[in-house]
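Position 1 is the first residue of the sequence, and the numbers go up from there. Bear in mind that the values here come from a model prediction, so they are computed numbers and not experimental data.
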Amino acid sequence: MTAGSHIPFVRFRLGDGQTAQVSPGGLIGRAASAELRIANPEVSEAHALISLRGHQLHMLSLRRWIILDGERCSAIALRPGQRIFLAQTVVLEVEAVELPAHVLVLGCDDREVCTLSESVYSLMRGDHGLKVLPEHVHGAEAYLWGNGEGFTLRVGDAPPVEVEAGTEWRIGEHRLRVTARPLGDGALSTRSIGQNDPPLTIVARYDTVYIHTPGRPSAVLSGLLARIVSELVTIGKLVSWEAVAREIWGDESDRNVMRQNWDRNMRRLRAHLREADVRADLVRPDGRGNVEIYLLPQDRVVDET
């Protein structure tokens with residue numbers, strides 16, 4: 001079983017005859033961070049997202065509709081031969097949908113943790129066990145990152161190694177292992193490994209956000225941090241950072257300055273969450289320029305924006 005056989009993708013044919021390949025988590029739109037960038041003013045910066053759901057690849061609309069067979073859709077299960085309109089003059093033809101027989105799954109001790117589908121993971125010990133965060137965190141005990149064909153592992157200062165089904169390593173008292181499982185057989189989301197994560201109630205009021213945790217003082221966000229979280233609560237799914245940022249700083253903002261503002265406020269947000277003993281991955285980037293509110297099954301959101 002080769003490493004590449006674990007990576008699903010959809011290949012589109014564009015109107016000019018060129019083709020583009022997009023993997024799960026890939027953004028389609030005008031944004032520079034889009035995996036499939038379309039330089040057309042009729043297309044939104046963050047127009048659509050490719051997502052793996054069960055054993056199918058889907059295209060999900062973000063800020064605007066996607067159209068198939070004359071019908072406006074919020075989600076389309078992708079199949080070869082489809083012609084999907086992003087705008088009146090912009091059409092993507094689905095040329096191929098490649099789904100591997102198996103996907104790689106990360107396990108810790110005796111429990112499966114997540115399907116390896118993000119571009120980078122940081123593995124680090126926390127108060128409630130080992131954490132797997134879908135971003136690069138400085139000082140983590142280990143890192144996993146993908147290159148579009150497979151994954152590479154680096155533990156501490158050891159040389160990087162290629163990952164395949166059966167790869168094992170240890171972080172402290174934890175034994176980690178990568179296995180292969182049939183595609184669509186209950187794919188797992190990325191999440192913290194600790195089973196003792198308390199339930200969160202996030203109350204979003206745009207200019208303020210309250211995060212309630214049983215037995216702890218409530219965390220309060222205000223100003224720009226609250227607006228970022230409130231926008232993500234309202235959107236309710238993975239979205240380009242730029243689409244969120246433009247809702248806050250405006251469409252006329254310089255992109256480079258906006259990116260600096262975004263990165264600075266994301267660092268402030270993570271630091272604020274850690275200080276309040278709230279999961280720092282509550283606001284989670286996917287490593288591809290997208291971000292989301294990341295909820296565990298026990299969490300609850302109250303949108304009062």
Side-chain angles (χ1 to χ4, degrees), residues 20 22-41 43-52 59-64 66 74 86 117-122 132-138 145-146 148 189-191 202 204 206-207 209 211 221-274 278-295 301 303 305:
V22 186
S23 300
L27 182 70
I28 299 171
R30 287 199 334 263
S33 57
E35 190 165 340
L36 173 50
R37 188 179 183 188
I38 301 175
N40 189 304
V43 174
S44 175
E45 290 168 321
H47 201 108
L49 182 78
I50 301 303
S51 176
L52 178 62
M59 179 187 289
L60 309 180
S61 68
L62 295 177
R63 287 288 181 178
R64 298 187 185 177
I66 49 181
S74 59
L86 306 185
S117 58
E118 312 287 356
S119 61
V120 63
Y121 296 89
S122 299
V132 180
L133 303 178
E135 60 181 309
H136 183 273
V137 178
H138 183 71
W145 66 92
S189 299
T190 303
R191 54 146 297 166
I202 300 100
Y206 193 64
D207 286 315
V209 171
I211 305 174
L221 305 176
S222 59
L224 288 173
L225 303 188
R227 292 171 194 169
I228 291 171
V229 172
S230 293
E231 286 288 348
L232 292 171
V233 164
T234 300
I235 295 168
K237 55 187 174 184
L238 201 64
V239 65
S240 161
W241 74 267
E242 192 169 348
V244 180
R246 291 200 181 280
E247 290 294 319
I248 296 170
W249 285 287
D251 287 336
E252 302 304 318
S253 301
D254 178 87
R255 187 178 187 276
N256 292 330
V257 173
M258 188 169 59
R259 180 71 207 211
Q260 293 173 10
N261 289 335
W262 175 265
D263 289 342
R264 181 170 60 252
N265 281 282
M266 288 299 289
R267 288 193 294 269
R268 288 179 55 215
L269 177 57
R270 292 192 189 98
H272 195 107
L273 293 175
R274 288 190 178 101
V278 176
R279 297 193 327 267
D281 64 345
L282 177 64
V283 176
R284 185 184 79 162
D286 72 346
R288 297 173 180 266
N290 307 311
V291 65
E292 67 178 339
I293 287 288
Y294 178 54
L295 302 175
V301 168
D303 185 357
T305 57

Supply the atom-to-atom distance Ser74 OG to Ile66 CD1, rounded to the nearest 0.5 angstrom.
7.5 Å
Check whether any side-chain heavy atom of Val229 lies under 4.5 Å from a side-chain heavy atom of Leu282, and answer yes or no.
no
Exercise: identify the closest heavy-atom pair between Ser23 and Ile50:
O-CB, 3.8 Å
What distance separates Leu60 CG from Leu27 CG, expressed to the nearest 0.5 Å?
11.0 Å
Roughly how far, to the nearest 0.5 Å, is CG of Leu224 from CG of Asn265?
5.0 Å
Kindly compute the distance separating CE (Met59) from CG (Leu86), expressed to the nearest 0.5 Å.
6.0 Å
Output for pair (Ile38 CD1, Ser44 OG), nearest 0.5 Å, gives 11.0 Å
salt_bridge(Arg227, Glu231) N-O dist < 4.0 Å
no
Check: Trp262 and Val244 side chains under 4.5 Å, non-hydrogen atoms
yes
Value for NE2 (His272) from CD1 (Ile211), rounded to nearest 0.5 Å, stands at 7.5 Å
Test side-chain contact (heavy atoms from CB on, under 4.5 Å) on Val233 and Thr305; report intermediate values, then the result.
CA-CA 9 Å; Val233 164; Thr305 57; 5.6 Å; no
What heavy-atom pair brings Ser230 and Val209 nearest, and what distance separates the two atoms?
OG-CG2, 3.5 Å
Minimum heavy-atom distance Asp254-Asn256, with the two atoms named
OD2-N, 3.1 Å
Of the non-hydrogen atoms in Arg30 and Pro41, which two are nearest, and what is the gap between them?
NH1-O, 3.9 Å
A cation-pi test, strictly: NZ or CZ of Arg259 under 6.0 Å from the centre of the six-membered ring of Trp241 and no more than 45 degrees from its axis. Yes or no?
yes
Can you find a heavy atom in the side chain of Ile202 that is under 4.5 Å from one in the side chain of Ile293?
no
